[in-house]
Number of protein chains: 2
Amino acid sequence: MAEEAAVRAQAEVVRRLKQDKADPDEIAKEVAKLLEMKAQLGGDEGKHKFVLKTPKGTRDYSPKQMAIRERVFNAIIACFKRHGAEVIDTPVFELKETLTGKYGEDSKLIYDLKDQGGELLSLRYDLTVPFARYLAMNKITNIKRYHIAKVYRRDNPAMTRGRYREFYQCDFDIAGQFDPMIPDAECLKIVHEILSDLQLGDFLVKVNDRRILDGMFAVCGVPDSKFRTICSSVDKLDKMPWEEVRSEMVGEKGLSPEAADRIGEYVQLHGGLDLIERLLQDPKLSQNKLAKEGLGDMKLLFEYLTLFGIAGKISFDLSLARGLDYYTGVIYEAVLLQQENDHVEEPVSVGSVAGGGRYDGLVGMFDPKGRKVPCVGVSIGIERIFSILEQRVEASEEKIRTTETQVLVASAQKKLLEERLKLVSELWDAGIKAEVLYKKNPKLLNQLQYCEDTGIPLVAIVGEQELKDGVVKLRVVATREEVNVPRESLVEEIRTRTNRP
Amino acid sequence: MAEEAAVRAQAEVVRRLKQDKADPDEIAKEVAKLLEMKAQLGGDEGKHKFVLKTPKGTRDYSPKQMAIRERVFNAIIACFKRHGAEVIDTPVFELKETLTGKYGEDSKLIYDLKDQGGELLSLRYDLTVPFARYLAMNKITNIKRYHIAKVYRRDNPAMTRGRYREFYQCDFDIAGQFDPMIPDAECLKIVHEILSDLQLGDFLVKVNDRRILDGMFAVCGVPDSKFRTICSSVDKLDKMPWEEVRSEMVGEKGLSPEAADRIGEYVQLHGGLDLIERLLQDPKLSQNKLAKEGLGDMKLLFEYLTLFGIAGKISFDLSLARGLDYYTGVIYEAVLLQQENDHVEEPVSVGSVAGGGRYDGLVGMFDPKGRKVPCVGVSIGIERIFSILEQRVEASEEKIRTTETQVLVASAQKKLLEERLKLVSELWDAGIKAEVLYKKNPKLLNQLQYCEDTGIPLVAIVGEQELKDGVVKLRVVATREEVNVPRESLVEEIRTRTNRP
C-alpha cells in the first residue's frame, strides 16, 4: 500500500537525520519523495485547486533575506567600483543560437523558451556569453565592466547547499589587449578582497591554466580529440574521488588506462612558486609548448600576486579544470575552508563561491570576421554566501531591520486621522522616512507596539493640546523619553536624532 | 526584382523621414523590412554565421544608460523607503497555472518556457500576481513592500516610445485589512512624489474605480457577461478615438448601439470633487449600489489627496478602465503631459508612466480556503522615463561619468610596473577607488589621456626620485597642479580631495 510505503520512507528519513553524517541533500530528496507520496494519497488537504509553490530550484526572498542579500551586494559592488568597473545589463534571454556551442556538455542544462512564433530564445546560462555577444555586437575592444544578474540552469538543485536553478552571478571582467597576467592578477585580487570583506572564514583560491591542462593531456598520451571531454572528467575531482573519475575516463570515454594513470599523478599536485619551478623542469611537460607557455605565465601571475600580498591564499592546483568550453588560459575557483571539528587535520572544502578565467576566443566566435578580444573575468556565486550569512544571522539572533523608517506619526486620541495624514505628508515632503497606521482611530498602544516590532526609533504624537500649542510630542521608543518639539523644528529634530546613514 | 523593391522601399522611408509628422514607429518598421530584404539579397556581408542581436523587443544597457538607470532607480527606491516599505524578490518564472486566469485578454502575451520535462513554466507578466502568490503561500495578511524587477510581455514592441518586451516594473503595494482609501491615497502620493522628483515635466494622474465602471455598464444596459470585455474596449480610449472603440463594442463584441452611446456619454467626463458630487446625484448611477459605493470612496479619496496637497494633479476620469482582470476598486494611471507647441491648447498625453489600483480578490484566488487579503498598489513603468531622461542627457551634452575612480596610479618612467601594482594595491586595501593601466610601460601621456576620457580627477605618479624620497606626486587632472605627498599620507590626501559621496 502507498500509505505503508510513505510511513516506511518517513522512518528512514528520521533514522538518517539522527545519524551524525546525514547528507542534507539526500534528506531533502527523501522529504520531496515523501511529500509526493502524500500528494498522491490525497490526504487531508485535497481541496487545493493547484500547487502553491515556486518552480523547482527557485525561491522567493523575504524582506529579511533581502536585507542580507543587499549587504552582500553592497560589499561586492563596492569592490567592483573600487577597481574602476563600469556596469552593463543584458536581457534575461538570448537568441538560442547565441548560446549554442559555448558550454560543451553543460548545454543540456539550458532553459529554452517555447516556440510561440518568432525567434527561438533561451534563458542566459551565465553572464559571460552575453557579455561576449555585447562586445562583438558593439565592436567594443576595451572595457572593464561588472554585471550582477540572475542566470538559469536546469541542474539538479541542492537548495540546502545554496545550489539553485535560478541564481545570481556577480561578474567582473576585463576585455582588451594588455600585457600578460596583469588583469588576471587583478581578478584574483578582487576575489580576495570580496571574500575577506564578507568575513566568511578561511578560503583558498585554486588556480590552473587551460594550456597547462592541455599540455599535460598531450604528454600523458590523451588524443587531441578527447581533450575537452577528459577535461570535463578532471573537473569532477572536487566532487568525486580519483578512482571514479579514472573509471569514467577509461570506461565511458575510452581513454587508455596508462594515460589515465599518468594524468592521475599530475592532478595530485598543488603548491605555489616552488611547484611551478619544478614543473618548468619536468622532463615531459617542459617539452610541450603549450604547457611551457602556461607555466611561464603562471610564474608571472604568482609574482604579481606576491606584490598584491595575496599569494598565501592562492594555490596552483593541477586538478582544477572547470568544465566550461570557452576558457583558454588561466582558470580559478575559490572555495571556503571549514574545520568541521578540531580533530580533522585537513581543512574540508564546503563548496565553490567564485570562479573564472581567461577566454580569449569567445568574442571572436561572435565577430563576423573572427576578430578576437582577449578577456579575463571572475564570477562571484553568491547563493552559497547568502546561505552562510543567513544561517549566521539566525544563529546570532541579531535583529535585522527590514525598513528604514525614522518616525511613526501617531495620535493618542480619536478623530485625528486628518492631522496624522497632514503631518506625515509634511515629513515625506521634507525627506523624512515616516509611516502612519492605516486606521481611522488606532490605539496608542498598538502604534507603539508597531514601532517595537519594526524597529522604528521615534514616534511623533499629535493630540488636541499639541495642535493648540503648535508642537508635536516626540517619543524615543527605546527610552520612552518624551519631549515637545515646535512643529517647525520637528524635521530638524528627527534628522538630528536619527543621523545614521 | 527584389533589389528594385528594396530601393523603392528605401526611397519611401527617406520621403517619410522628411515629412514633419513621420511616426518613428512606422519608420522603424519600414527600416526593419528593408534590412530583411537586404538580408534576403545576400548583400556584401554574407559571411555572417548568425544574427548578432538581442531578441526582439529587448535591449542591452550600456554603461552610460546604466548610469541614468541607476539615478532613476535611486529616486524611486528612496521614495519607497521613505514610505516604510520592505523589499522582496520572486523568481523570473512562475508555474504556468499561477498566471492562468489573471490577465483576461492579455494572457496571450505571456511567454511560456519550453516543456523540457518537469513543470510547465511561464515568465512573469507583472509583479502583482507573483506578489499575491507569495502572500497566499506564506499566509501573510499584512505587508507593505516594494519589488523592482523585469517583467515579460510578447507585445508589439515600440522601442522608440520606450515600449519593450522585457521591461522593468517598480511596484509598491500595501496588503492588509485597513480603513477605506488611506493606503490608496498613499499610493497616489507616491506616484506624485516620484514624478515630481524626477522632473519629467507636467503630469496628470487619472483615477477611476472598477465599481463605478461596472455600475456604469449596468445602468447603460450592458449584460453582466460582457462587463469584462467591454471594459477592455473602454481601456483602449487612450489609444483610439471613441468612434473606433464604439464600433469594436457594437461590431466585435455585440453590444447594442444604444448601450454603447450611453457609455459614450459617461466616458467623456473627467474632473474632481465637483464631478463626483454631480454623479452622486446622477439619477441612474445613484440607483446602482456598486457605483454609489465607488463614488463614495472616490469622494473620500479626494479628501485625503487634498490633505496631501496633491489633488490638483489628480483627475477623476470615467474613461480610465485598465485592462487587467484582477482590479476590484480604485484604479489609476499617470501620464506625462507635453505641450507639443505653443499653439496647441490642450496638453497632449505622451504616454503612461505609472499605473495601479486595488485588487482585493487576487490573493484569495491562491488561498486554498479562498481567504481574501485586500491589496492596493502602484507600478512605475520606468522604460518610458529612461527614454525621456536619456534623450535629455544627449541633448544637454552633459558628461556622465560611468565609473567612480578617484585616482589613476601612473608612472613617467619605464620598468615601474611593480611599483605601480604595489601602490594601487595599497590604495585598494585602504578603500580608495583606484586604477592602473594594464601595460608594462605605458606612456605618461596615455595615462593622462585615460583620466581625461573617463573623468578620473587625480593621478598618483611614482618615479625613481619619488620612490627615493618616500613621496608620491599627486596631480590634479583638471588644473594640472602637482604636489609631492608623503606616501603615508597619500590615502588621506586623496580622500580630502575627492570627498564627494
Side-chain angles (χ1 to χ4, degrees), chain A residues 45 47-48 50-52 54-56 58 60-63 66 81-82 84-95 97 111-114 116 118-119 121 134 136-137 145 150 154 166 178-179 182-183 193 304 307-309 366 368 402-405 418 421-422 425 428 433 435 438-440, chain B residues 45 47-48 50-52 54-56 58 60-63 66 81-82 84-95 97 111-114 116 118-119 121 134 136-137 145 150 154 166 178-179 182-183 193 304 307-309 366 368 402-405 418 421-422 425 428 433 435 438-440:
Chain A
E45 291 203 277
K47 282 160 201 156
H48 277 267
F50 42 74
V51 193
L52 203 54
T54 61
K56 185 179 176 186
T58 70
D60 298 317
Y61 280 84
S62 71
M66 286 297 281
K81 287 193 171 175
R82 198 156 57 233
E86 304 183 278
V87 57
I88 70 160
D89 194 20
T90 66
V92 79
F93 42 60
E94 295 278 343
L95 298 185
E97 59 184 4
Y111 277 96
D112 291 328
L113 269 75
K114 191 166 144 184
Q116 293 171 290
E119 300 159 332
L121 307 174
Y134 173 80
M137 194 171 132
R145 79 90 183 81
K150 287 173 178 175
R154 294 178 51 254
E166 173 186 63
F178 301 117
D179 281 321
I182 313 177
E193 284 180 24
Y304 295 154
L307 287 173
F308 286 161
F366 290 108
T402 54
T403 69
E404 299 174 8
T405 310
E418 295 181 359
L421 292 183
K422 250 203 273 188
S425 180
W428 288 330
K433 293 167 189 148
E435 287 185 72
Y438 304 122
K439 295 278 178 189
K440 266 181 144 164
Chain B
E45 291 202 277
K47 281 161 207 158
H48 278 268
F50 42 72
V51 193
L52 203 53
T54 61
K56 184 177 177 188
T58 70
D60 298 316
Y61 281 83
S62 70
M66 286 297 281
K81 288 192 171 175
R82 198 157 58 234
E86 304 183 277
V87 58
I88 70 159
D89 194 19
T90 66
V92 80
F93 42 59
E94 294 278 343
L95 297 185
E97 60 183 4
Y111 277 97
D112 292 328
L113 268 75
K114 190 165 143 186
Q116 293 171 289
E119 300 160 332
L121 307 174
Y134 172 80
M137 195 172 131
R145 79 90 182 82
K150 288 173 177 176
R154 295 178 51 253
E166 173 187 63
F178 301 118
D179 281 321
I182 313 177
E193 284 180 25
Y304 295 154
L307 288 173
F308 287 160
F366 289 107
T402 54
T403 68
E404 298 174 9
T405 310
E418 295 181 358
L421 291 184
K422 250 203 272 187
S425 180
W428 287 329
K433 293 169 189 147
E435 287 184 70
Y438 305 120
K439 294 278 178 190
K440 266 182 144 164

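All chains are named by letter (A, B, ...) in the order of the sequence lines, taking the proteins before the strands, and each is independently numbered beginning at 1.
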Peer 1: With rounding to the nearest 0.5 angstrom, report the NZ to OH distance, B:K114 to A:Y111.
Peer 2: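 Reported value, rounded in 0.5 Å steps: 14.0 Å.
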Peer 1: Looking only at non-hydrogen atoms, find the nearest pair between A:K440 and B:D179 and report the distance.
Peer 2: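 Heavy-atom minimum between the residues: N-OD2, 2.6 Å.
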Peer 1: Identify the heavy atoms of A:Y134 and B:P63 that sit nearest to each other, and give their distance.
Peer 2: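 Distance-wise, the nearest heavy atoms are OH-CD, 3.6 Å.
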Peer 1: Side chain, backbone, both or neither: which part of A:L307 has a heavy atom under 4.5 Å from chain B?
Peer 2: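 Contact with chain B: backbone and side chain both.
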Peer 1: About how many Å separate CG of A:D89 and NZ of B:K150, when rounded to the nearest 0.5 Å?
Peer 2: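 Those atoms lie 3.5 Å apart.
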Peer 1: Test side-chain contact (heavy atoms from CB on, under 4.5 Å) on B:R154 and A:Q116 and set out the steps.
Peer 2: CA-CA 9 Å; B:R154 295 178 51 253; A:Q116 293 171 290; 3.2 Å; yes
Peer 1: Might you work through the side-chain contact (heavy atoms from CB on, under 4.5 Å) test for B:I182 and A:L421, ending with a clear yes or no?
Peer 2: CA-CA 9 Å; B:I182 313 177; A:L421 292 183; 4.1 Å; yes
Peer 1: Kindly indicate, with the supporting measurements, whether the criterion side-chain contact (heavy atoms from CB on, under 4.5 Å) is fulfilled by B:M137 and A:D60.
Peer 2: CA-CA 10 Å; B:M137 195 172 131; A:D60 298 317; 4.2 Å; yes
Peer 1: For A:V92, which residues count as a side-chain contact (heavy atoms from CB on, under 4.5 Å) partner, sequence neighbours excluded?
Peer 2: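 If we apply the side-chain contact (heavy atoms from CB on, under 4.5 Å) test to A:V92, skipping adjacent residues, the hits are A:L123, A:R124, A:Y152, B:Y152, B:E166.
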Peer 1: Quick one: ring-ring contact (aromatic ring centres under 6.0 Å, His included) partners of A:F178, sequence neighbours excluded?
Peer 2: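 By the ring-ring contact (aromatic ring centres under 6.0 Å, His included) rule, A:F178 matches B:Y438.
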Peer 1: Supply the atom-to-atom distance A:R145 CZ to B:T403 OG1, rounded to the nearest 0.5 angstrom.
Peer 2: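 Taking CZ in A:R145 and OG1 in B:T403, the distance rounds to 15.5 Å.
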Peer 1: Out of A:E418, A:E193, A:K439, A:E94, which one racks up the most heavy-atom pairs below 4.5 Å with chain B?
Peer 2: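 Going by pairs under 4.5 Å, I would pick A:K439.
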Peer 1: Salt bridge (Lys or Arg N to Asp or Glu O under 4.0 Å) between B:E404 and A:K81: does it pass, once the steps are laid out?
Peer 2: CA-CA 6 Å; B:E404 298 174 9; A:K81 287 193 171 175; 3.0 Å; yes
Peer 1: Nearest 0.5 angstrom please: A:L95 CG to B:K56 NZ, how far?
Peer 2: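 Between atom CG of A:L95 and atom NZ of B:K56 there are 12.5 Å.
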Peer 1: Give, for atom OG1 of B:T58 and atom CG of A:L121, the distance between the pair rounded to the nearest 0.5 Å.
Peer 2: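 Interatomic distance, B:T58 OG1 to A:L121 CG, rounded to 0.5 Å: 8.0 Å.
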Peer 1: Which is it for A:V51 and B:E97 under the side-chain contact (heavy atoms from CB on, under 4.5 Å) test, yes or no, and what are the steps along the way?
Peer 2: CA-CA 9 Å; A:V51 193; B:E97 60 183 4; 4.1 Å; yes
